Amino acid sequence: SRCTRIGGFAVPTIHELHKKLVNKEISAVELTKAVIAHKEQVEPQVGAYLSDSHEEALAKAQAVDDKIAAGQEVSMLAGIPGAIKDNICIEGQKATCASKMLENFVPPYSATVIEKLKDQDFVSLGKLNMDEFAMGGSTENSALGKTTNPWNKDYVPGGSSGGSAASVSAGSAIWSLGSDTGGSIRQPASFCGVVGMKPTYGNVSRYGLIAFASSLDQIGPVTRDVRDVAIVLNAITGHDDKDSTSIPGERPDYTKALINDVKNLRIGVPKEFYGDGLNPEVRKAMEEAIDTYKKLGAQIVEVSLPSTKYALSAYYIVALAEASSNLARYDGVSYGLRVPADNLVDMSTKTRSQGFGKEVQRRILLGTYVLRSGYYDAYYKKALQVRRVIKNEFDQAFQEVDLLLTPTAPNTSYKFGEKANDPLAMYLEDICTVPVNLAGIPGISIPAGMSSAGLPIGMQLLGPAMGEEVLLRAAYTFEQERPDCKIVAPTGEALL
């Protein structure tokens with residue numbers, strides 16, 4: 001199950017390109033044009049983007065070149081083309097959430113993460129496809145386009161940040177931002193063979209992220225390697241007064257955590273994540289990863305998180321209840337789609353019926369049901385109690401170990417249509433990722449193998465709250481030890 005270089009070509013990373021830019025081996029404009037040309041080559045097959053911002057990207061690239069020519073210092077992200085999930089607001093650019101409800105919505109402000117990236121002179125090539133309002137695990141629920149897995153166009157890229165993972169995997173963006181509510185960065189990163197991190201809840205501001213479930217959502221990076229994750233995380237993390245759930249205090253330089261050493265690091269292996277439903281090839285890849293860490297001097301400790309078997313049920317009650325509340329604002333009155341009708345009630349009913357897709361309607365209905373008088377205590381309150389138990393078990397585990405190692409998903413990517421008509425089967429694919437969001441802890445997915453069908457396998461590392469540094473260190477060490485897992489772009493011609 002070890003990774004292999006199946007065709008394709010190596011796409012340069014942020015840190016490699018930064019060196020080329022400051023050494024004037026390539027200009028930011030040349031780089032941006034090269035990525036745009038590659039994007040136009042692979043997009044007909046991959047379909048990661050919903051909209052383009054090429055003119056703005058080239059203008060920003062020119063500004064970066066001017067700074068370098070003037071001898072000014074530039075940030076690690078300056079002039080490096082990336083892309084943004086289409087539920088993160090950028091002033092003057094559409095933010096559709098891949099929904100007919102917001103198909104023509106242009107936000108009048110930018111998210112805090114975008115303002116932070118602007119300070120870094122970031123270059124964005126456009127907005128990326130996703131499951132509608134981030135509800136789904138395959139990007140099949142997008143109302144505005146189809147995104148395929150770059151490794152095999154017959155397979156899904158994962159979701160909801162499918163466009164974020166597919167664009168980086170295909171080389172049509174060097175890096176991207178996604179959002180993670182129950183695995184929506186980590187699972188597509190696993191399916192597409194890239195690196196994706198969900199930071200600690202509150203480590204990155206949610207201001208300007210169009211909400212699915214407010215107590216679970218978190219913005220995070222998708223990149224080609226672990227160092228690039230640290231670079232993007234440095235750019236977007238920090239306290240924000242505009243987000244009441246933002247964690248106060250200074251943040252470390254995450255690139256300093258990239259130490260190739262895991263000697264005596266205690267790595268927990270929670271037995272509940274290795275049950276009967278785990279794909280044999282995924283299991284084998286995890287066993288090889290554990291052996292790799294043992295060889296490097298880490299201590300492997302079996303731990304138990306018994307309440308994680310209730311995590312999926314608790315997650316879908318909490319998430320759908322919050323979604324029902326958050327999506328109540330789309331009524332045809334304030335913004336978004338408005339379907340004309342004779343009275344206000346009919347207008348709202350027609351707008352929501354035509355504006356929301358089937359999966360979003362299903363989740364609104366279920367969320368509204370569990371919040372009803374007489375059902376609240378039986379469902380929503382109980383789910384919140386289970387959530388607390390799950391968090392306490394993670395806290396207890398981190399008294400014994402420094403981090404946890406699990407599969408990112410129980411299976412590799414699956415074919416289009418395979419689970420689309422079976423919501424429960426789709427939800428079960430989140431079984432390894434949702435406990436992390438309930439507990440509010442950080443998680444990172446990195447490539448750890450390749451299936452016999454030529455599809456990537458992802459490994460998930462989990463840490464205590466604000467424990468991103470230990471995750472980056474362990475992930476970086478694995479990446480250095482296993483160059484056979486070096487990511488390639490499976491489609492297209494050489495980028496540079």
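All figures in this text were calculated on a predicted structure; none of them were measured in a lab.
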task = Before giving the answer on side chain to side chain contact (heavy atoms under 4.5 Å, CB included), spell out for E418 and Y155 the whole-Å C-alpha distance, their side-chain angles and the decisive distance to 0.1 Å.
result = CA-CA 9 Å; E418 192 173 318; Y155 286 74; 5.5 Å; no
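- Judged by distance alone, the side chains of R206 and T245 do bring a donor and an acceptor atom under 3.5 Å apart.
- Aromatic ring pairs are classed by plane angle as parallel below 30°, tilted from 30° to 60° and perpendicular above 60°; the pair Y375 and Y369 is tilted.
- Between the CG atom of N129 and the OG atom of S160 there is a distance of 10.0 Å, given to the nearest 0.5 Å.
- Among S169, S176, S167, the single residue meeting the side-chain contact (heavy atoms from CB on, under 4.5 Å) criterion with V222 is S176.
- Checking N343 against D346 by side-chain atom types alone, a donor-acceptor pair falls below 3.5 Å.
- Interatomic distance, K382 NZ to Y310 OH, rounded to the nearest 0.5 Å: 11.0 Å.
- Atom-to-atom distance recorded for N411:CG and L455:CG is 11.0 Å, nearest 0.5 angstrom.
- Side-chain atoms of T406 and Q460 form a donor-acceptor pair, as typed in the model, at a separation below 3.5 Å.
- By the 4.0 Å N-to-carboxylate-O rule, K116 lies too far from D240 to be salt-bridged with it.
- Paired with R186 under the rule side-chain hydrogen bond (donor to acceptor under 3.5 Å, both in side chains), one option of N437, T433, T408 passes, and it is N437.
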request  = Tell me, with the steps shown, if V229 and L472 meet side chain to side chain contact (heavy atoms under 4.5 Å, CB included).
outcome  = CA-CA 8 Å; V229 160; L472 291 167; 3.8 Å; yes
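- The closest side-chain donor-acceptor pair between E281 and T412, if any, does not fall under 3.5 angstrom.
- Each ring pair (Phe, Tyr, Trp, His ring centres under 6.0 Å) pair with one or both residues in residues 92-125, not counting sequence neighbours, appears once here: F105-Y335, Y109-Y207.
- Under a 4.0 Å N-O distance rule, the pair R362/E359 qualifies as a salt bridge.
- Judged purely by atom type and a 3.5 angstrom limit, N149 uses its side chain to pair as donor or acceptor with the backbone of V156.
- Separation of atoms CG (L233) and CG (D228) is listed at 12.0 Å; rounding is to 0.5 Å.
- Here CD1 of I185 is found 9.0 Å from OG1 of T181. Values are rounded to the nearest 0.5 Å.
- Partner C97 forms a side-chain contact (heavy atoms from CB on, under 4.5 Å) with one of N87, L144, L327 and no other, that one being N87.
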request  = Begin from the C-alpha positions of F394 and L438 and carry the test side chain to side chain contact (heavy atoms under 4.5 Å, CB included) through to its verdict.
outcome  = CA-CA 10 Å; F394 272 108; L438 290 170; over 6 Å; no
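- Of the N and O atoms on the side chains of S324 and T368, at least one donor lies less than 3.5 Å from an acceptor on the other residue.
- Judged purely by atom type and a 3.5 angstrom limit, S142 uses its side chain to pair as donor or acceptor with the backbone of G145.
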key: Steps toward side chain to side chain contact (heavy atoms under 4.5 Å, CB included) verdict (I210, F133)   = CA-CA 8 Å; I210 298 173; F133 282 101; 4.2 Å; yes
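- Of the N and O atoms on the side chains of N326 and S214, at least one donor lies less than 3.5 Å from an acceptor on the other residue.
- Side-chain atoms of S75 never come within 3.5 Å of backbone atoms of D121 as a donor-acceptor pair (strictly under, hydrogens ignored).
- D131 contributes a side-chain N or O that, together with a main-chain N or O of S138, makes up a donor-acceptor pair within less than 3.5 Å.
- In this structure, S190 contributes its side chain and G458 its backbone to a donor-acceptor pair below 3.5 Å.
- For the pair D86 and K94, the salt-bridge criterion is not met [side-chain N within less than 4.0 Å of a carboxylate O].
- Side-chain N/O atoms of S445 and Q187 include no donor and acceptor closer than 3.5 Å.
- Side-chain contact of S164 with K85: a donor-acceptor pair under 3.5 Å is absent, judged by distance alone.
- Separating the CD atom in E91 from the CD atom in Q93 is a distance of 10.0 Å, to the nearest 0.5 Å.
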